[in-house]
Amino acid sequence: MAQITTGLRRVLNHPHVYVVTQRLLTSDRRTRHWVEQILRPRAGQRVLDIGCGPADLLRFLPEVEYVGFDSSADYIEAARARFGGRGRFEQARVDAATLEGLGRFDLVLARGVLHHLDDAEAEALFRLARAALSPGARLVTLDACWAEGQHPVARLLIARDRGQNVRDATGYRALAARVFDEVRVEVRHDLMRVPYTHCSLEASLAP
Ligand SMILES: C[S@@+](CC[C@H](N)C(=O)[O-])C[C@H]1O[C@@H](n2cnc3c(N)ncnc32)[C@H](O)[C@@H]1O
């Protein structure tokens, strides 16, 4: 079992496999719903996508000024090949230097990233996002999440995830609250075709 899990994780590092797997597990309708209800991007906004992966989320965004970065060179190459005209894509890790010269953003998002980061790295991501936000802007994150009473299949899938720092909603909220004044979390069980649990988090600074 451990060998199968390791093999699957390795295969997911291939951008096309990752995108196809995501599309099989979720659906455009579900993603569009989350984008409309939680992310709420508006045309013309400056959007920073931390850990953007192959940037498949761009399919659901209006015409925005998009900057995405990710530690994976393969994912960034795939993002540039598919969406090169729609944004700027950089290979970089979560690090203050990554943001130098990029200015401020109306919306910062990190979808599926926090559960890859230990607490110190996650706090660094929140600080980075805080520094990148324009006044009144928001950070939105979405991650796998432990929850009481969640479906056993969800627990199994989450336990096998490449990210080994999955937390419950209280854990995600506590990390964000180290850096942000206002933090809202929502536990969702409906964002995938298969049983799965997500923590959707919105963070902002006091006006
Ligand atoms: C589950 S994928 C999500 C990709 C994309 N945000 C999406 O929603 O499809 C997590 C991404 O975080 C990236 N990542 C993990 N740790 C990172 C770090 N320290 N700095 C930048 N990117 C990181 C990985 O390379 C991967 O692309």
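All ligand and atom numbering here is 1-based and tracks the order in the structure.
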cation_pi(Arg46, Phe105) dist<6.0 Å, angle<=45: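 Yes, a cation-pi geometry.
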Leu109 and side-chain contact (heavy atoms from CB on, under 4.5 Å): which single residue from Leu48, Thr141, Leu57 fits?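 Between Leu109 and the candidates, side-chain contact (heavy atoms from CB on, under 4.5 Å) is satisfied uniquely by Leu57.
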Do the non-hydrogen side-chain atoms of Pro54 and Tyr18 ever get within less than 4.5 Å of each other?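 In short, these two side chains touch, coming nearer than 4.5 Å.
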With a sphere of 6.0 Å drawn around CD of Glu90, does it hold more than 12 non-hydrogen atoms of other residues, nucleotides or ligands?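 Yes, enclosed.
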Count the heavy atoms belonging to other residues, nucleotides or ligands that lie under 6.0 Å from CZ of Arg178, then report whether that count exceeds 12.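 Counting neighbours around CZ of Arg178, more than 12 heavy atoms of other residues, nucleotides or ligands fall under 6.0 Å, so yes.
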Sidechain N-carboxylate O distance under 4.0 Å for Arg42, Asp106: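 No, Arg42 and Asp106 are not salt-bridged.
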Strictly under 4.0 angstrom, heavy-atom based: which residues surround ligand 1?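 Ligand 1 is contacted, at a heavy-atom distance under 4.0 Å, by Tyr18, Gly51, Cys52, Gly53, Asp70, Ser71, Ser72, Tyr75, Ala92, Arg93, Val94, Arg111, Gly112, Val113, His116, Leu117.
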